[in-house]
Amino acid sequence: MSADLSPLWEVFIRSRNGLAHRHAGSLHATDAEMALAAARDLFTRRGEAASLWVVPAAAIIASDPAEAGMLFEPTGSKIYRHPTFYEVPEDVGHM
Amino acid sequence: MYTQALNTAEAPGAPVDAAAAARFQARIDAEQRIEPRDFMPEAYRRTLIRQISQHAHSEIVGMLPEGNWITRAPSLRRKAALLAKVQDEGGHGLYLYAAAETLGVAREALVDQLLAGVAKYSSIFNYPTLTWADIGAIGWLVDGAAIMNQIPLCRCSYGPYARAMIRICKEESFHQRQGFEIMLTLCRGTPAQKAMAQDALDRWWWPVLMMFGPPDAQSQHSQTSTRWKIKRFSNDELRQKFLDATVPQARFLGLTPPDPALAFDAETGHWRAGPIDWAEFEAVLAGNGPCNRERLEARRRAHEDGAWVRDAARAHAEKPRATKAQAA
Amino acid sequence: MSGICEPAMGAMVGSALTLVETPLLRALLARADDALILGHRLSEWTGHAPILEEELALANLALDLIGQARLLYEYAGAIEGAGHGEDDFAYFRDPPQFRNLLLVEQPNGDFAATMLRHFLYAAFADPYWRAMTAAGDATLAAIAAKAEKEMAYHLRHAAAWVIRLGDGTAESHRRLAAALDALWPFTGEMFTAEAGEAALAEAGAVIDPATLRPLWDATIDRVFAAANLARPSGEWAPSGGRAGRHSEHLGHLLATMQHLARSHPGATW
Ligand SMILES: [Fe+2]
Ligand SMILES: [Fe+2]
């Protein structure tokens, strides 16, 4: 019944102020207001949220897992970006 | 379990790139999670779609037997708890449909399979809830059995399924306690209430043991699922775990499981059940349980009666866009 | 079942409670019964909603209302001082002892009727509880503070559906308009206070519901405009719920709801 398709939305929850929104799951809704209401009813029944985002799933541009090597591996050799790469004598104290 | 029908049919594997398949298996063996757009063998995808959608259907159909008592719950406290519990099950269905959709199949297509009678759901929901004690028995036994099955699924190799299960297991934690508390109250109540509780146990005991699916010897599909880390314990292992946990609880309640052969094996430390009537299980799975027809009919009616609502919501959503397009 | 038995006799609790209704008790029971009966009606949808996401929504609406009813019954029991609790009020009163509006006991009908009924009620209950947060009665004001937030959401949710269905398709509009014709006559009852409640309002203990009419009218007009609905005309304006003269529907609802509890007098659940 392809006539019965309704858009998919991704739901993001900020559990309390000070924290970032985190992906919680997805749901179906025909309009943004319904998506927000459904997100509230579906994902915040136990006080999980201080704030909600809903985003049309189709609006998310994702990286291709097949390109993960090209995208994310080159950074692995840049160990000089990490503080532990550098040696500072212990008697200098915390730095 | 909620996906017990998987045990009866083997998904034929399509030809796959052997090297890619080996890399995939190596990732699984290394306990890495597979995410939606990662490479996966077609058989893995199909098995997951079937398992997750059967699980989702079970949650949704499972709303019906318990929903049957919401309007008759004997106190407002019980009414609210039961409504919240059944509502949770609807949420579980939604989380699971969403997990299945990440594998490239629309929820509507999965629901169509259920309504057409093609897809399966757990045999347990084809039994009737005849008294209030059945609500206690379902929470205690059915949710108890489900939790036993679902906790290992939180470590399932497929990321979206595992994440859905984590959320579900968190919510499930009150379901079994709610059911046990109902049973305990009945068992400490009037003789009529205690008799109601025993009668519920008599009727639900065997169907609940069947929930874990056929014995390992007859369940060929398990091996592939185990290799893929979709399944981490065998049917019989889970059934044994459930038995060992539940028999002492029944004794605490002062109730007797309807199994004259039930005995404690001091040597192994396990409870041993008598033989399960697998012919009954097969019959229920084949559509001939006490409530198969009613359950499917109720889902179909809800779907058909709701079609105009979904049409209206879609039409409303499309209108502003249409007007804008004309204006432009 | 007649209300003649002595409630203190545990063995006879299958029969209805005998209540001496002070004006405040009666007014509390009216608000509690509105919430319970409407919550019960919504709970009848469980497992049968038109959209899975809406299953969760309907249950949330029902749980809010049942929760409001429980708080109000508890307070009613406290001011009555006869040892009655929430379940005595909910399960051991006969239909004529229920004080809810006729509107909330009307059957669910289709989804349009359920949402419209909810909208008509919430458009009243939202400003009612907001006004009641300033009630002279401190306990009621505290209950109102909780109910007000819940009903604000109910109003938003139900109004959104009324607009969707009114604007959606020819069929959804037709169904909504039919529901409006059926339900509109019951709305007048929301704004009338019984003599006892009017006296309480005079004393500042509660709000006179009649004062909320302009707010309700404004909400109705705003949402009906977006939903392409017109206010029905017609003279028929049934009432009597507050006095216990109900439609035929309430008896069936209570027969279902109370049957188990009344079949086991004295039992705890
Ligand atoms: Fe569940
Ligand atoms: Fe559950």
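Proteins get letters first, then strands, A, B, ... in listed order; numbering begins at 1 in each.
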Below 4.5 Å from any heavy atom of chain B, which atoms of C:E53 appear? Answer side chain, backbone, both or neither. both
Identify which part of B:R107 has an atom lying under 4.5 Å from any heavy atom of chain C, answering side chain, backbone, both or neither. side chain
When the 4.5 angstrom heavy-atom criterion is applied to B:R299 and chain C, the contacting part is side chain
Option among C:D33, C:D87, C:D88 that satisfies the side chain to side chain donor-acceptor pair (under 3.5 Å) test with C:Y73: C:D33
If you count heavy-atom pairs under 4.5 Å with chain B, which of C:R175, C:M257, C:R41 comes out on top? C:R175
C:A170, C:P50, C:S263, C:A69: which one forms the most heavy-atom pairs within less than 4.5 Å of chain B? C:P50
With a 4.5 angstrom heavy-atom cut-off, could you sort out which part of C:I66 is near chain B: side chain, backbone, both or neither? side chain
Residue from B:E304, B:R78, B:E66, B:E89 scoring the most non-hydrogen pairs under 4.5 Å with chain C is B:R78
Separation of C:R117 CZ from C:L183 CG (nearest 0.5 Å): 7.5 Å
Toward chain B, the part of C:A112 with a non-hydrogen atom under 4.5 Å: both
Below 6.0 angstrom between ring centroids: does that apply to C:H84 and C:F92? no
Looking at CG of C:L65 and CG of C:D34, how far apart are the two atoms once the value is rounded to the nearest 0.5 Å? 9.5 Å
Out of C:G39, C:G166, C:G47, return the one with the most heavy atom pairs under 4.5 angstrom to chain B. C:G47
For the residue pair C:W269 and C:H264, is the inter-centroid distance of their aromatic rings smaller than 6.0 Å? yes
Run through B:Q150, B:R177, B:K85 and flag the one making a side chain to side chain donor-acceptor pair (under 3.5 Å) with B:D143. B:K85
Is there a side-chain hydrogen bond (donor to acceptor under 3.5 Å, both in side chains) between B:Q249 and B:W140 once you walk through the steps? CA-CA 9 Å; B:Q249 293 165 359; B:W140 171 38; 2.8 Å; yes
Interatomic spacing from CG in C:L19 to CZ in C:R93 - rounded to 0.5 Å: 7.0 Å
Of C:D110, C:I51, C:N60, the largest count of non-hydrogen pairs under 4.5 angstrom with chain B goes to C:N60
Quick one: do B:D202 and B:Q198 satisfy side-chain hydrogen bond (donor to acceptor under 3.5 Å, both in side chains)? Show the steps, please. CA-CA 6 Å; B:D202 289 347; B:Q198 180 63 53; 2.8 Å; yes
Output the option from B:E181, B:Q87, B:R188, B:R301 having the highest count of non-hydrogen pairs under 4.5 Å with chain C. B:Q87
Turns out that what part of B:Q193 lies under 4.5 Å from chain C's heavy atoms comes down to side chain
Heavy-atom pair count under 4.5 Å with chain C, highest-scoring of B:T185, B:V61, B:I60, B:T71: B:T71
Using non-hydrogen atoms only, which part of C:L253 is less than 4.5 Å away from chain B: side chain, backbone, both, or neither? neither
Give the member of C:L56, C:T169, C:T46 that has the highest number of heavy-atom pairs under 4.5 Å with chain B. C:L56
Walk me through whether B:Q178 and B:H175 qualify under side-chain hydrogen bond (donor to acceptor under 3.5 Å, both in side chains). CA-CA 5 Å; B:Q178 178 253 180; B:H175 295 183; over 6 Å; no
Only pairs of heavy atoms separated by less than 4.5 Å count here; which of B:D88, B:L64, B:L94, B:N68 has the most with chain C? B:L94
Counting heavy-atom pairs under 4.5 Å with chain C, which one of B:T190, B:L83, B:I70 comes out on top? B:L83
If one checks every heavy atom of B:L186 against chain C at 4.5 Å, the contacting part turns out to be side chain
Apply salt bridge (charged side-chain N to carboxylate O under 4.0 Å, His left out) to C:D94 and C:R262, showing your working. CA-CA 11 Å; C:D94 287 343; C:R262 285 198 174 194; 2.8 Å; yes
Does any backbone or side-chain atom of C:W45 lie under 4.5 Å from a heavy atom of chain B? Answer side chain, backbone, both or neither. neither
What part of C:H48 gets within 4.5 angstrom of chain B, counting heavy atoms only: side chain, backbone, both, or neither? both
Tell me, yes or no, whether the heavy-atom count around C:E74 atom CD, taken from other residues, nucleotides or ligands under 6.0 Å, exceeds 12. no
Determine the option with the most heavy-atom pairs under 4.5 angstrom with chain C, choosing from B:G189, B:G93, B:A298, B:A73. B:A73
Taking the inter-plane angle between the rings of B:H55 and B:Y161 on a 0 to 90° scale, is it parallel (under 30°), tilted (30 to 60°) or perpendicular (over 60°)? perpendicular
Less than 4.5 Å to any heavy atom of chain C: does that hold for the side chain of B:R72, its backbone, both, or neither? both
Applying a strict 4.5 Å limit to non-hydrogen atoms, the region of B:M196 in contact with chain C is side chain
Whether the B:W69 and B:D134 side chains hold a donor-acceptor pair (N or O, under 3.5 Å, no angle test) is what I'd like checked. no
Fit a plane to each ring of C:W184 and C:F224, take the angle between them on a 0 to 90° scale, and name the class: parallel (under 30°), tilted (30 to 60°) or perpendicular (over 60°). tilted
Among C:Q258, C:E171, C:H173, which residue forms the greatest number of heavy-atom pairs with chain B at distances under 4.5 Å? C:E171
Does any heavy atom of chain B fall under 4.5 Å from the side chain of C:F111, the backbone, both, or neither of them? both
